[in-house]
K.L.:
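A single structure is presented below for examination.
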Amino acid sequence: MNPPNISLANQVAVITGGGGGIGRAIALAYASVGADVVIGDIIPERCEETVARVREIGREALPVPTDVTDTNQIRALIDSAAKHFGRIDILVNNAGGVSRKRFLDQSERSWRKHIDLNLVSVLAATSACVPVMIRGGRGGSVINVSSIEGSRAAPNYAVYAACKAGLLNLTRTLALEFAEHGIRVNAIAPDYTVTPGTSGNFTGPVDPAYWIQPSENQQAATARRIPLGRAGIDAECGNVAVFLSSRMSDYVTGTVIPVDGGTWASSGWLRNKAGQWTLTGDVET
């Protein structure tokens with residue numbers, strides 16, 4: 001292994017939803033291996049906090065408050081990044097979100113909000129950013145943050161899961177379309193990961209002091225459901241994103257890497273209370 005191959009020195013990454021959770025973790029991971037970053041997030045305080053952390057690491061960062069449901073704002077984000085740094089090497093389509101609701105209880109307005117947030121935003125950011133990469137002539141890396149729900153049934157999350165499934169196909173298709181330009185397109189698919197959103201911190205600065213902590217029973221249930229026995233940590237997605245953007249993955253494109261502790265592999269198998277693997281229907285035995 002050649003350590004310089006993991007370096008992103010002097011590269012520029014644009015990250016949507018980069019102010020908290022997985023997006024923030026990816027930004028800090030990129031900065032730790034030499035990249036400058038542009039943070040697009042709907043919450044201005046989170047943009048500024050992530051930028052401050054990146055600068056503490058010693059890299060340059062640009063905050064651009066962005067509502068990714070507005071495609072004009074997405075194009076402005078990409079334009080700001082290109083004008084400020086003169087290049088874009090990496091795009092991370094991370095912004096997204098979901099609310100739990102049965103499909104027949106979900107309004108058309110809710111459908112469209114989910115689609116705009118989780119799928120149209122990716123189309124807009126990619127269509128604006130990739131021409132910048134092509135003009136630069138250095139290739140590039142696009143990373144789409146999907147979800148394990150894009151690969152399995154997801155009751156109460158139907159529209160969200162459909163968007164994430166579409167994102168996986170988009171990843172593979174664009175990998176072929178952009179290959180001639182040396183631009184690689186890959187996706188990561190997390191499952192349950194501890195983030196501000198999953199901890200009740202939906203607005204304002206990221207402050208773990210106010211996060212909702214799971215009960216012992218909830219932690220035990222998570223440990224039984226996830227083969228590695230715990231919830232994911234956002235920095236683990238950051239590590240995979242660094243790999244997918246570095247020379248270490250030069251021959252990797254059109255793929256999806258689950259960052260899920262093994263839940264996709266388990267496919268319905270859970271640990272029972274005795275710690276034995278069993279099918280879902282026997283989980284209480």
K.L.:
With Q73, which of T66, V64, I42 fulfils side chain to side chain contact (heavy atoms under 4.5 Å, CB included)?
P.N.:
T66
K.L.:
So, does R59 use its side chain to make a donor-acceptor pair with the main chain of G34 at under 3.5 Å?
P.N.:
yes
K.L.:
Would you sort out whether Y160 and S147 count as a side-chain contact (heavy atoms from CB on, under 4.5 Å), showing the intermediate values?
P.N.:
CA-CA 9 Å; Y160 171 82; S147 167; 3.6 Å; yes
K.L.:
Give a yes-or-no answer on whether the side chains of T263 and R225 include a donor-acceptor pair shorter than 3.5 Å.
P.N.:
no
K.L.:
Evaluate S146 against N144 for side chain to side chain donor-acceptor pair (under 3.5 Å), listing each step before the verdict.
P.N.:
CA-CA 6 Å; S146 181; N144 297 321; over 6 Å; no
K.L.:
Should V68 and L123 be counted in the same cluster of Ile, Leu, Val, Met, Phe, Trp and Tyr side chains packed under 4.5 Å apart?
P.N.:
no
K.L.:
Could you report the tightest heavy-atom contact between L117 and G97, atom names first, then the distance?
P.N.:
CD2-N, 3.5 Å
K.L.:
Applying side-chain contact (heavy atoms from CB on, under 4.5 Å) to V92 and V145, what does each step give before you reach the verdict?
P.N.:
CA-CA 7 Å; V92 180; V145 179; 4.1 Å; yes
K.L.:
Whether the side chain of D89 engages the backbone of G140 through a donor-acceptor N/O pair (distance < 3.5 Å, no angle test) should be reported.
P.N.:
no
K.L.:
Contact between S246 and L8 at the side-chain level, heavy atoms closer than 4.5 Å - yes or no?
P.N.:
yes
K.L.:
Looking only at heavy atoms, which two atoms of S7 and A9 are closest? And how far apart?
P.N.:
OG-N, 3.1 Å
K.L.:
Locate the shortest heavy-atom distance separating G262 from P227; write the atom from each residue and the value.
P.N.:
O-CG, 3.3 Å
K.L.:
Restricting to non-hydrogen atoms, name the atom on V256 and the atom on A189 that form the minimum distance, rounded to 0.1 Å.
P.N.:
CG1-CB, 3.9 Å
K.L.:
Quick one: does T69's side chain have a donor or acceptor within less than 3.5 Å of a partner on D116's backbone?
P.N.:
no
K.L.:
Evaluate the side-chain proximity of T193 to E236: yes if any heavy-atom separation is below 4.5 Å, no if none is.
P.N.:
no
K.L.:
Can R53 and E56 be counted as an ion pair, charged N to O under 4.0 angstrom?
P.N.:
yes
K.L.:
For side chain to side chain donor-acceptor pair (under 3.5 Å), just list the numbers for T126 and N93, CA-CA rounded to whole Å, side-chain angles, deciding distance to a tenth of an Å, and then say yes or no.
P.N.:
CA-CA 8 Å; T126 305; N93 288 307; 3.1 Å; yes
K.L.:
Would V252 and V130 show up in the same hydrophobic cluster when neighbours are defined by side-chain heavy atoms closer than 4.5 Å?
P.N.:
no
K.L.:
Hey, does the side chain of R46 reach the backbone of G17 with a donor-acceptor pair shorter than 3.5 angstrom?
P.N.:
no
K.L.:
Measure the spacing between CD1 of I90 and OG of S141 and express it to the nearest 0.5 Å.
P.N.:
6.0 Å
K.L.:
When rounded to the nearest 0.5 angstrom, what is the spacing between CG in N5 and CE in M248?
P.N.:
6.5 Å
K.L.:
Should I39 and E48 count as side-chain neighbours, where that means a heavy-atom distance under 4.5 Å?
P.N.:
no
K.L.:
Distance check, rounded to the nearest 0.5 Å: F178 atom CZ versus M133 atom CE?
P.N.:
9.0 Å
K.L.:
With hydrophobic residues grouped by side-chain heavy-atom distances under 4.5 Å, do V37 and I188 end up in a single group?
P.N.:
yes
K.L.:
Applying the 4.5 Å side-chain criterion to the ILVMFWY set and letting contacts propagate, would L244 and W264 be lumped into a single cluster?
P.N.:
no
K.L.:
Donor-acceptor pair, distance only, cut-off 3.5 Å: does the side chain of D105 make one with the backbone of K101?
P.N.:
no
K.L.:
Quick check: does any side chain N or O of H84 sit under 3.5 Å from a backbone N or O of S80, one acting as donor and the other as acceptor?
P.N.:
no
K.L.:
Test side-chain contact (heavy atoms from CB on, under 4.5 Å) on L91 and I143 and set out the steps.
P.N.:
CA-CA 6 Å; L91 170 65; I143 298 176; over 6 Å; no
K.L.:
For residues I15 and V38, determine if any side-chain heavy atom of one lies less than 4.5 Å from a side-chain heavy atom of the other.
P.N.:
no
K.L.:
If you count every heavy atom of other residues, nucleotides or ligands that lies below 6.0 Å from R112 atom CZ, does the total exceed 12?
P.N.:
no
K.L.:
For a 4.5 angstrom cut-off between non-hydrogen side-chain atoms, does Y157 reach F103?
P.N.:
no
K.L.:
Just so I know, are the side chains of I115 and V159 near enough to count as touching, which here means a heavy-atom distance under 4.5 Å?
P.N.:
yes
K.L.:
Check this for me: does any side-chain nitrogen of one of R24 and D41 sit under 4.0 Å from a carboxylate oxygen of the other?
P.N.:
no
K.L.:
State, with a plain yes or no, whether a side-chain heavy atom of S151 is found less than 4.5 Å away from one of K164.
P.N.:
no
K.L.:
To the closest 0.5 Å, what do you measure between CZ (R87) and CG (D36)?
P.N.:
9.0 Å
K.L.:
Less than 4.0 angstrom from a charged side-chain N to a carboxylate O is my criterion; do D79 and R75 meet it?
P.N.:
no
K.L.:
If the threshold is 4.0 Å, N to carboxylate O, is there a salt bridge linking D250 and R247?
P.N.:
yes
K.L.:
Where is the tightest heavy-atom contact between G150 and A165, given as atom of each residue plus distance?
P.N.:
O-CB, 3.3 Å
K.L.:
Can you tell me how far the CZ atom of R152 sits from the CD1 atom of I148, to the nearest 0.5 Å?
P.N.:
6.0 Å
K.L.:
Examine V242 and V259 and state if one hydrophobic cluster contains both, with Ile, Leu, Val, Met, Phe, Trp and Tyr joined whenever side-chain heavy atoms are less than 4.5 Å apart.
P.N.:
yes
K.L.:
T16 side chain to G40 main-chain N or O, any donor-acceptor pair under 3.5 Å?
P.N.:
no
K.L.:
The test is side-chain contact (heavy atoms from CB on, under 4.5 Å); show your working for W277 and N272 and say whether it passes.
P.N.:
CA-CA 6 Å; W277 286 102; N272 61 21; over 6 Å; no
K.L.:
Without swapping roles, check the side chain of S127 against the backbone of A124 for a donor-acceptor pair under 3.5 Å.
P.N.:
yes
K.L.:
Work out which heavy atom in A13 is nearest to a heavy atom in Y30; give both atom names and the distance.
P.N.:
CB-CD1, 3.6 Å
K.L.:
Please report the interatomic distance OG(S121) to CG(L167), rounded to the nearest 0.5 Å.
P.N.:
8.5 Å
K.L.:
Can you tell if the side chain of V54 reaches within under 4.5 Å of the side chain of L28, non-hydrogen atoms only?
P.N.:
yes
